[in-house]
Amino acid sequence: MDLVNLGAQLNAGTIWPEAVLLVTILVILVGDLIQGRSSAAWTPYAAMAGGLGATVVLVLQWSMVNPIGFLGAFNADDLSIVFRGIIALSAVVTVPMAIRYVQQSGTSLAEFLVILLTATLGGMFLSGASELVMIFVALETLSISSYLLTGYMKRDPRSNEAALKYLLIGAASSAIFLYGSSLLYGLSGGQTRLEAIATSIVGDGTEAPIGLVVALVFVIAGIAFKIAAVPFHQWTPDVYEGSPTPVVAFLSVGSKTAGFALAIRLLVTAFPLVSEQWHFVFTALAILSMVLGNVVALAQTSMKRLLAYSSIGQAGFLMIGLVVGTDAGYASMLFYLFIYLFMNLGGFTCVILFSLRTGTDQISEYAGLYQKDPLLTLGLSICLLSLGGIPPMAGFFGKIYIFWAGWQAGAYGLVLVGLVTSVISIYYYIRVIKMMVVKEPQEMSDAVKAYPALRWDLPGLRPMQVSLILAVVATSLAGILSNPLFTIANQAVTQTPMLQSPGAQVAVTPIAPTVQN
């Protein structure tokens, strides 16, 4: 059998975006082997071109006639296209943030880019995987690459400590997730495709076996680790503080997006008999994440730890859309993930710039920054205000859509907790902005007093400046353009058969009853 016929049978065209990314990885790898360190002049731009090329191919794949590939193992439906697009864009935005940072540390830039794109590849495959083996392989590709990125600064003991903690906790969560998957495999009589698993278990005509509930517990534990939900969040603050800042930026968006994609596909498809149970568990996880993430962030003195707890709180807001389980809930979650990409990565770009110029990320050292670097102050302020949900920033519209979807579905408790914790989050975001803007000249921090003269012509800084400006513009304009973006997210949900099945819609009934007049 020739390759053309084999590709047609497998419907290999469903993974063209991943193929573009894979070719990019090989080009960078071979180029670095041939040219050595001098390849740093073009490899970042090749990485960005590969990520943008994959995104363009994803756009061209919208509303595919036959999205099922590899005998049911991969699903390139519109839902996966949006998730894969967000992950690819997060890598594209991360690359310019990393150029100066990695070069200044004295480590190889090409190796960093190869590992980053490999993690992106794993996340994209995870977003469309519909079979247990592919899910686990994609999950481990993302996880192992993330461990390598976390410990990439080998001379920094904090980076080594963060990588070790991430590896140990991540390996445990992977083992737990794998055990839950093996239970699913056994309960279904040896099926690996998610739809076949659900059909086999539901076809028995009996109530949910106890083994299915146990499998659900283990699977949720693995997913909750990936999205940094309380109480599986312990790795987040330490890993965020010790890891290279560009890696933290990618993990906060790319890894979290892949985790939510896995949660939707796996829970909705394979666990229809225990939908009440997993909705209840994620309700508890959402409340705990919103409360703990935003309350503990109040006491942080490091910007990276503050953004770590902020990320935990943001995961709680996103889980409202997952718990609600309606079209509006899923669409609002997709929309919020998209704008979260720009406002969070924009904030991390500012943190990287400040740390490169001062060597610190302590919040107190930002005092009086406005007088020395107005662009950095403006960019960080806009991104933090958007994360806090202040109108007319994009984050405000994202939270409004999520809270409105929850209110329509009757999840009043979740929405009220979300509103209260949003107000709490505004306090610690405003505290940073006040530190930068309001301080008098005599109250300027030592780091800002010694702030170097602004030079954007140094290697790697111009791409970071462009990245910062684009992130700030996107964060500002996404609020104005929220309706078209939300329409795209809504189309992705309504055109995905998995989310329109009776089980997916009935699942929310116990949590969000409809009031009849």
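The structure presented is a predicted model; accordingly, all values stated were derived computationally and were not measured.
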Between the main-chain N or O of [Y] and the side-chain N or O of [X], is there a donor-acceptor pair closer than 3.5 Å?
{"X": "Lys399", "Y": "Leu387", "result": "yes"}
{"X": "Thr269", "Y": "Leu266", "result": "no"}
{"X": "Ser275", "Y": "Phe271", "result": "no"}
{"X": "Ser311", "Y": "Leu307", "result": "no"}
{"X": "Asp32", "Y": "Ser39", "result": "no"}
{"X": "Ser310", "Y": "Leu306", "result": "no"}
{"X": "Ser127", "Y": "Gly123", "result": "yes"}
{"X": "Ser386", "Y": "Cys383", "result": "no"}
{"X": "Ser159", "Y": "Thr150", "result": "yes"}
{"X": "Glu195", "Y": "Ala270", "result": "no"}

Heavy-atom closest contact ([X] atom, [Y] atom, distance):
{"X": "His279", "Y": "Leu322", "answer": "NE2-O, 4.1 Å"}
{"X": "Tyr147", "Y": "Ala171", "answer": "OH-N, 3.7 Å"}
{"X": "Gly313", "Y": "Met290", "answer": "O-CG, 4.0 Å"}
{"X": "Gly170", "Y": "Ser173", "answer": "O-OG, 2.8 Å"}
{"X": "Ile28", "Y": "Ala110", "answer": "CG2-O, 3.9 Å"}
{"X": "Thr24", "Y": "Val20", "answer": "OG1-O, 2.8 Å"}

Point-to-point distance, once rounded to the nearest 0.5 Å, from [atom1] of [X] to [atom2] of [Y]:
{"X": "Ile99", "Y": "Leu461", "atom1": "CD1", "atom2": "CG", "result": "9.5 Å"}
{"X": "Leu194", "Y": "Ser130", "atom1": "CG", "atom2": "OG", "result": "5.5 Å"}
{"X": "Phe74", "Y": "Leu126", "atom1": "CZ", "atom2": "CG", "result": "10.0 Å"}
{"X": "Ser90", "Y": "Leu116", "atom1": "OG", "atom2": "CG", "result": "8.0 Å"}
{"X": "Leu139", "Y": "Ile223", "atom1": "CG", "atom2": "CD1", "result": "9.0 Å"}
{"X": "Met48", "Y": "Thr94", "atom1": "CE", "atom2": "OG1", "result": "11.0 Å"}

Going through the checks in order, is the salt bridge (charged side-chain N to carboxylate O under 4.0 Å, His left out) test met by Arg305 and Glu241? CA-CA 6 Å; Arg305 288 187 76 90; Glu241 186 176 27; 2.9 Å; yes
Is there a side chain to side chain donor-acceptor pair (under 3.5 Å) between Thr326 and Gln408? Walk through the geometry before answering. CA-CA 10 Å; Thr326 60; Gln408 279 183 316; over 6 Å; no
Min side-chain heavy-atom separation [X]-[Y] under 4.5 Å:
{"X": "Tyr101", "Y": "Thr107", "value": "no"}
{"X": "Ile227", "Y": "Met319", "value": "yes"}
{"X": "Thr236", "Y": "His233", "value": "yes"}
{"X": "Ile352", "Y": "Arg100", "value": "no"}
{"X": "Met97", "Y": "Val247", "value": "no"}
{"X": "Ser181", "Y": "Phe136", "value": "no"}
{"X": "Met303", "Y": "Phe348", "value": "no"}
{"X": "Phe125", "Y": "Leu142", "value": "no"}

With side-chain contact (heavy atoms from CB on, under 4.5 Å) as the criterion, how do Ser381 and Tyr429 come out once you've worked through the C-alpha distance, each side chain's angles and the decisive distance to 0.1 Å? CA-CA 8 Å; Ser381 299; Tyr429 291 131; over 6 Å; no
For this session: Begin from the C-alpha positions of Phe354 and Thr245 and carry the test side-chain contact (heavy atoms from CB on, under 4.5 Å) through to its verdict.
Result: CA-CA 11 Å; Phe354 185 78; Thr245 312; over 6 Å; no
**Asked** Any Lys/Arg nitrogen of Asp238 or Lys165 sitting under 4.0 Å from an Asp/Glu carboxylate oxygen of the other?
**Response**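 Looking at Lys165 together with Asp238, the answer is yes, because their closest N to O distance falls below 4.0 Å.
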- Query: Can you tell me if CH2 on Trp16 sees more than 12 non-hydrogen neighbours from other groups inside 6.0 Å?
  - Reply: no
Next item on the list: Fit a plane to each ring of Tyr336 and Tyr340, take the angle between them on a 0 to 90° scale, and name the class: parallel (under 30°), tilted (30 to 60°) or perpendicular (over 60°).
Entry: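 Judged by the thresholds at 30° and 60°, the geometry between Tyr336 and Tyr340 is parallel.
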### Query
Should the pair Tyr166 and Trp235 be assigned to parallel (<30°), tilted (30 to 60°) or perpendicular (>60°) ring geometry?
parallel
TODO: Run the numbers on Phe335 and Ile402 for side-chain contact (heavy atoms from CB on, under 4.5 Å), then give the verdict.
DONE: CA-CA 9 Å; Phe335 174 78; Ile402 283 185; over 6 Å; no
Let me have the donor-acceptor pairs involving side chains of residues 478-491, under 3.5 Å, with sequence neighbours excluded, atom names and distances please.
| unit_1 | atom_1 | unit_2 | atom_2 | d |
| --- | --- | --- | --- | --- |
| Ser482 | OG | Gly479 | O | 3.1 |
| Thr487 | OG1 | Asn483 | O | 2.8 |

query = Just checking, any donor-acceptor pair under 3.5 angstrom between side chains of Gln465 and Arg462?
reply = yes
**Study point:** Any side-chain donor near an acceptor of the partner, Asp361 and Ser302, under 3.5 Å
**Key:** yes
Aromatic ring proximity Tyr152/Phe112, centre distance under 6.0 Å:
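They qualify: ring centres under 6.0 Å apart.
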*For Thr496 and Leu499, run side-chain contact (heavy atoms from CB on, under 4.5 Å): C-alpha distance rounded to whole Å, both residues' side-chain angles, the deciding distance at 0.1 Å, then the answer.*
CA-CA 6 Å; Thr496 301; Leu499 299 181; 4.3 Å; yes
Inset, instruction - Apply side chain to side chain donor-acceptor pair (under 3.5 Å) to the pair Lys304 and Ser243, showing each step before the final yes or no. - result: CA-CA 10 Å; Lys304 289 170 74 174; Ser243 302; over 6 Å; no
